[in-house]
2 protein chains.
Amino acid sequence: MYSLAEENYIKTIFHLQQTKKGVVSTNAIAESMDTKASSVTDMVQKLSEKKVLSYVKYKGAQLTEEGKKIATRIVRKHRLWEVFLVDKLEFHWDEVHEIAEQLEHIHSTELIKRLDKFLGSPAFDPHGDPIPDEHGNFVKTEKKLLSQLHKSQFGICVGVKESSTEYLQYLDKKKISIGTKINVLGKEFFDGSMVIEVGTNQFFVSKKIADNLYVQTL
Amino acid sequence: MYSLAEENYIKTIFHLQQTKKGVVSTNAIAESMDTKASSVTDMVQKLSEKKVLSYVKYKGAQLTEEGKKIATRIVRKHRLWEVFLVDKLEFHWDEVHEIAEQLEHIHSTELIKRLDKFLGSPAFDPHGDPIPDEHGNFVKTEKKLLSQLHKSQFGICVGVKESSTEYLQYLDKKKISIGTKINVLGKEFFDGSMVIEVGTNQFFVSKKIADNLYVQTL
DNA sequence: TTTATTTTTTAGCCAAGGCTAAAAAATAAT
DNA sequence: ATTATTTTTTAGCCTTGGCTAAAAAATAAA
Ligand SMILES: [Mn+2]
Ligand SMILES: [Mn+2]
Ligand SMILES: [Mn+2]
Ligand SMILES: [Mn+2]
């Protein structure tokens with residue numbers, strides 16, 4: 001059984017090594033967790049002792065297979081609880097992350113098994129992120145960022161990269177959610193900004209906006 | 001915001017002062033929480049500082065109004081989650097307590113508000129214990145112990161005093177659950193044992209069994 | 001009303017998980 | 001190839017929430 005602190009480190013390192021490809025630096029972990037590098041060093045050494053990750057001084061950390069398994073279980077719990085909060089308790093997608101951060105640490109495999117069944121074994125969470133199955137397998141989807149589309153292409157919104165309250169509320173205001181069709185009417189090469197069409201609405205989006213929305217083109 | 005440890009102390013003291021009427025001793029808390037009296041002294045002094053309880057050295061502790069409010073909120077959460085686990089996830093009533101012990105510490109008033117609504121604002125948990133409303137009011141029910149009934153009286157099972165797995169599983173085996181009608185066919189004055197009828201079944205119950213089952217007589 | 005027993009508190013120690021400041025290693029710049 | 005800068009680790013300290021052993025207070029017995 002891992003402590004709350006340990007679980008949070010494992011989860012953070014898991015997410016970091018997805019993007020940062022491979023080894024994760026002490027500083028990256030510290031920044032991501034809003035803590036100090038010295039604290040990270042301590043914990044990473046401890047988790048290395050426990051064979052949850054491999055760690056080379058001054059080089060960085062990398063989860064072992066065991067570590068990835070633990071991380072995946074936490075991610076599964078987090079996302080299932082988010083589905084519960086949105087589908088059953090009618091929370092809005094920008095309100096659920098903080099609560100799921102707490103719920104993901106509830107220990108009970110039976111609970112998750114039953115929750116999953118109760119929710120109809122969803123494959124994606126409310127933000128379009130895949131929910132690993134009980135064996136830890138993620139579905140592989142090819143999706144691209146809205147910013148990668150060209151003029152006159154269109155895509156279906158399938159997820160968000162950033163899921164801050166501010167960003168999600170912006171999307172709401174613009175009536176964009178999972179499943180929404182988006183037409184690219186124009187694209188400015190200078191700054192990457194776009195003019196898009198959502199339903200009957202046409203409006204301008206900055207590159208920052210377009211860089212955080214995943215779409216599926218068919 | 002109170003820590004996990006603080007919340008558990010507050011909850012325990014709340015339950016103890018229900019029965020023990022008033023002030024709760026250091027030793028009683030220690031025994032109930034399976035910890036040492038010296039640890040209790042420390043925590044009780046700290047909670048006294050925080051005005052959660054009043055505490056007189058060598059006399060004992062007693063929750064303040066604020067303390068009772070905190071405790072009530074935790075009890076409400078615990079029991080609502082138990083209803084969720086049984087009604088929605090189809091857990092059995094003897095399996096939910098441990099999980100609810102964890103879930104009761106999730107912090108979010110909005111979550112509880114919505115969970116309560118989702119469950120249809122239940123008044124009782126799966127063990128027949130009343131769920132305080134959002135203002136902390138418990139419904140007052142007059143119930144008595146099965147052991148207090150006389151020969152040829154009958155009662156409807158409305159709850160259990162003990163809710164250990166062993167006891168709940170015994171009740172299951174005997175097909176007794178909330179709402180079950182129980183006829184007292186005979187009562188032995190020497191040891192308080194009874195012969196009761198449940199459905200078409202007639203069997204013997206010890207005083208210990210009868211002492212832990214709440215019934216309503218009309 | 002002393003004496004014995006039980007209950008409670010105090011004193012001192014420990015592990016987990018933080019922090020700051022200083023040292024050391026790695027990397028970048030001259 | 002040095003020197004400067006950045007990154008990372010180490011050393012030492014703090015708080016929380018435990019523990020044991022000894023002291024003190026309250027209660028029960030004689
Ligand atoms: Mn989330
Ligand atoms: Mn999510
Ligand atoms: Mn319970
Ligand atoms: Mn209960």
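Quick note on labels: first sequence line is chain A, next is B, and so on, each numbered from 1.
A distance of 6.0 Å or more separates the ring centres of F91(A) and F84(A). The aromatic ring centres of H97(B) and H78(B) sit less than 6.0 Å apart.
Searching all strands for a Watson-Crick or G-U wobble partner of dT16(D) with both distances below 3.5 Å returns dA15(C). Within the shown strands, dT30(C) is the pairing partner of dA1(D) under the Watson-Crick or G-U definition, both distances less than 3.5 Å.
Ion pairing of K11(B) with E101(B) is present here, as a side-chain N (NZ or NE/NH1/NH2) and a carboxylate O approach within less than 4.0 Å.
If you check dA25(D), dT10(D), dT10(C) against the side chain of Q45(A), the one that comes closest is dT10(D). Nearest to the side-chain atoms of S25(A) among the listed nucleotides dT8(D), dG18(C), dG17(D) stands dT8(D). In the set dT27(C), dT8(D), dG18(C), the nucleotide with an atom closest to the side chain of T35(A) is dG18(C). For N27(B), taking side-chain heavy atoms from C-beta onward, the closest of the listed nucleotides dT7(C), dC19(D), dT27(C) is dT7(C).
Residue-level contact check: T26(B) touches the backbone only, with heavy atoms under 4.0 Å from sugar-phosphate atoms and none from bases.
Inspection of the D116(A) and S121(A) side chains reveals an N or O donor paired with an N or O acceptor under 3.5 Å. Looking at D191(B) and S193(B), their side chains do bring a donor and an acceptor atom within 3.5 Å of each other.
Between Y2(A) and dA16(C), a side-chain N or O to OP1/OP2 separation shorter than 4.0 Å is absent. For dT20(C), the OP1/OP2 oxygens have a side-chain nitrogen or oxygen of K36(A) closer than 4.0 Å. The shortest distance between the side-chain N/O atoms of S3(B) and the OP1/OP2 oxygens of dG17(D) is below 4.0 Å. OP1 and OP2 of dT6(D) both lie 4.0 Å or more from every side-chain N or O belonging to Y58(A). One finds a side-chain N or O of K57(B) lying less than 4.0 angstrom from the OP1 or OP2 phosphate oxygen of dT10(C). The side chain of K46(B) places no N or O atom within less than 4.0 Å of a non-bridging phosphate oxygen (OP1 or OP2) of dT15(D).
Atom-to-atom, OH of Y9(B) to P of dT16(D) comes out at 14 Å; the value is rounded to the nearest Å. Rounded to whole angstrom, the span from the CG atom of D42(A) across to the P atom of dT20(C) amounts to 14 Å. Taking atom CD on E6(A) and atom P on dG18(C), their separation rounds to 10 Å, with Å as the unit. Rounded to a whole Å, the NZ atom of K59(B) is 20 Å from the P atom of dA24(D).
Heavy-atom distances to DNA chain C give each of A37(B) and D34(A) a nearest nucleotide, and the one nearer the 5′ end belongs to A37(B). Looking at which nucleotide of DNA chain D each of L4(B) and V40(A) is closest to, the 5′-most match is held by V40(A).
Side-chain to base pairing of S38(B) with dT8(C): no donor and acceptor N or O lie closer than 3.5 Å to each other.
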